[in-house]
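Written out below as structure tokens is the structure these notes cover.
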2 protein chains.
Amino acid sequence: MPAVETVTGATASWDLYERGCPSRDLLDRIGDKWSILVLGELGEHGRSRFTELRNRVSGVSEKMLTQTLRALESDGLVLRTVHATVPVRVEYELTDLGQTLRAPLRALTEWSLQHTDEVLAARAAYAARAEHGA
Amino acid sequence: MPAVETVTGATASWDLYERGCPSRDLLDRIGDKWSILVLGELGEHGRSRFTELRNRVSGVSEKMLTQTLRALESDGLVLRTVHATVPVRVEYELTDLGQTLRAPLRALTEWSLQHTDEVLAARAAYAARAEHGA
DNA sequence: TGGCCAACTTACCAAGAGGTGGCTACTTAC
DNA sequence: GTAAGTAGCCACCTCTTGGTAAGTTGGCCA
């Protein structure tokens, strides 16, 4: 089974294809719909406030945004700073660890933007084939 | 920005941060837990049979595997070939479009494998902080 | 005749995702 | 006095996700 060495800094070898692998869980978390968008936003715009994120990530509910930000914070990807000013101001930004995720995530989002046409066409063709067969 | 040439020749510009954007849906589909693993497997091992995939992607149920493969097929990422041999043999492989996803996906899975330690440590620290605060 | 294989498909059910709306505390502005 | 704004939390409720398990198809072998 996956040999894991923690705090000591020894190497851990994990297998994504094994159930219960923590890397698999992590992958699932960062592959989450809202996580990708929030991380992308923070990557592009830098430090942002809660309402800015809510407005820029269209369609996210406050609950989901809070939940997503909390998870990212607990994973060490996002830093949350509370300013004790008079209307309370909270700012979010990527941590160093979060920064390292920018490139992989951007690769994925760019792929998505660039190949949406092809995928849409493929779906239409697939649907047509299915209808023809039925 | 995302200016894409469609079949008709018209340019479509999509914004991931807009609700209902097809690219966002697509991102969600390929960011799916099982999709990532299945695509990864097909990328590494090449053409594979149903049961091979089921065995190699530990923990996936037949239902989910079928569902995932169907979605990937309809999206034009995976090619499904049925051999009318005696016990029916079905093989799956990446299409050309699917191949273009390998690099972005590998970037993500490698990130995940490489940073699991740090994330686990961050979670522990966060939990400790929360406990201390409570 | 009966059972077996692959690759599903379907029915059923529990858990969780995620939306809505109300509540908070604090202060400034009307 | 009251409304508004910030950054949430909480309870409630619904809809989806996804797991389990059983059925199916269709030649073939004993």
Side-chain angles (χ1 to χ4, degrees), chain A residues 17-21 24-25 27-38 41-42 45 47-75 78-93 126 129-130 133-134, chain B residues 19-20 24-25 27-38 41-42 45 47-74 78-93 126 129-130 133-134:
Chain A
Y17 301 101
E18 278 306 316
R19 70 206 309 172
C21 168
R24 191 197 266 197
D25 291 348
L27 193 52
D28 206 26
R29 296 258 301 245
I30 61 182
D32 171 70
K33 174 185 171 119
W34 299 125
S35 296
I36 294 180
L37 294 178
V38 167
E41 261 297 323
L42 289 177
H45 284 78
R47 188 182 309 141
S48 303
R49 304 182 54 174
F50 184 83
T51 35
E52 287 173 341
L53 289 172
R54 190 194 56 199
N55 294 334
R56 289 206 292 253
V57 178
S58 160
V60 68
S61 69
E62 298 197 340
K63 178 184 164 181
M64 276 301 102
L65 184 53
T66 304
Q67 212 169 93
T68 303
L69 286 167
R70 285 290 174 283
L72 295 176
E73 190 197 357
S74 115
D75 286 356
V78 159
L79 179 65
R80 177 173 181 264
T81 313
V82 182
H83 300 268
T85 57
V86 162
V88 180
R89 193 158 57 96
V90 181
E91 289 182 326
Y92 295 92
E93 62 193 305
Y126 184 87
R129 257 178 289 144
Chain B
R19 70 203 312 169
R24 190 196 268 196
D25 291 349
L27 192 53
D28 207 26
R29 297 259 299 246
I30 60 182
D32 172 71
K33 174 185 171 119
W34 299 124
S35 296
I36 294 180
L37 294 178
V38 167
E41 261 297 322
L42 289 176
H45 285 78
R47 188 182 308 140
S48 303
R49 302 184 55 175
F50 185 83
T51 35
E52 287 173 341
L53 289 172
R54 191 194 53 200
N55 295 335
R56 287 205 293 253
V57 179
S58 159
V60 68
S61 67
E62 298 197 340
K63 176 183 163 183
M64 274 302 100
L65 184 55
T66 306
Q67 213 169 91
T68 302
L69 286 167
R70 284 288 176 283
L72 295 176
E73 189 196 358
S74 116
V78 160
L79 179 66
R80 177 173 181 264
T81 314
V82 182
H83 300 267
T85 57
V86 162
V88 180
R89 192 159 57 95
V90 181
E91 288 181 327
Y92 296 92
E93 62 193 303
Y126 184 88
R129 256 178 289 144

request  = Report the distance from atom CD of Glu52(A) to atom C1' of dT6(D), rounded to the nearest whole Å.
outcome  = 12 Å
Nucleotide dT17(D), atom P - distance to CG of Leu65(B) in whole Å = 17 Å
task = Quickly work out the His83(B) NE2 to dG26(D) C1' distance and round it to whole Å.
result = 18 Å
remark   = Per side chain to side chain donor-acceptor pair (under 3.5 Å), Ser48(A) is matched among Glu91(A), Arg56(A), Glu93(A) by Arg56(A)
ask   = How long is the line joining CD of Glu91(B) and C1' of dC8(C), in whole Å?
value = 16 Å
request  = Provide, to the nearest angstrom, the distance between the CZ atom belonging to Arg80(B) and the C1' atom belonging to dC8(C).
outcome  = 8 Å
message = At 4.0 Å (heavy atoms only), tell me whether Gln67(B) reaches a base, stays on the sugar-phosphate, or touches nothing.
response = nothing
task = Mark yes when over 12 heavy atoms from residues, nucleotides or ligands other than Arg80(A) sit less than 6.0 Å from its CZ; otherwise mark no.
result = yes
Along DNA chain C (nearest heavy atom to each residue), the more 5'-positioned of Pro87(A) and Lys63(A) = Lys63(A)
request  = Tell me whether the OP1 or OP2 atom of dG8(D) has a side-chain N or O from Thr66(A) closer than 4.0 Å.
outcome  = no
message = I want to check one thing: is the phosphate of dG8(D), taken as OP1 and OP2, less than 4.0 Å away from some side-chain N or O of Arg70(A)?
response = yes
Neighbour count >12 (heavy atoms, 6.0 Å) for atom CZ, Arg89(A) = yes
ask   = Atom CZ of Phe50(B) to atom C1' of dA6(C): distance rounded to whole Å?
value = 9 Å
query = Rounded to whole angstrom units, what separation is found between the CD atom of Glu62(A) and the C1' atom of dC23(C)?
reply = 13 Å
request  = Using a heavy-atom cut-off of under 4.0 Å over every strand shown, decide if Arg54(A) touches base, sugar-phosphate, or nothing.
outcome  = nothing
query = How many Å lie between OH on Tyr92(B) and P on dA6(C), as a whole number?
reply = 14 Å
Inter-residue atom distance Leu65(B).CG - Tyr92(B).OH, 0.5 Å rounding = 7.0 Å
request  = For Arg89(A), report the nucleic acid contact type (base, sugar-phosphate, nothing); a contact means any heavy atom under 4.0 Å.
outcome  = sugar-phosphate
message = I want to check one thing: is the phosphate of dT20(D), taken as OP1 and OP2, less than 4.0 Å away from some side-chain N or O of Ser61(B)?
response = no
request  = Applying side-chain contact (heavy atoms from CB on, under 4.5 Å), run through Arg70(B) and Gln67(B) and close with a yes or a no.
outcome  = CA-CA 5 Å; Arg70(B) 284 288 176 283; Gln67(B) 213 169 91; 5.9 Å; no
query = Is any side-chain N or O of Arg49(A) closer than 4.0 Å to OP1 or OP2 of dA7(D)?
reply = yes
query = Between dA7(D), dC8(C), dG19(D), which nucleotide gets closest to the side-chain atoms of Met64(B)?
reply = dG19(D)
message = Tell me whether the side-chain N/O atoms of Arg19(B) come closer than 4.0 Å to OP1 or OP2 in dG19(C).
response = no
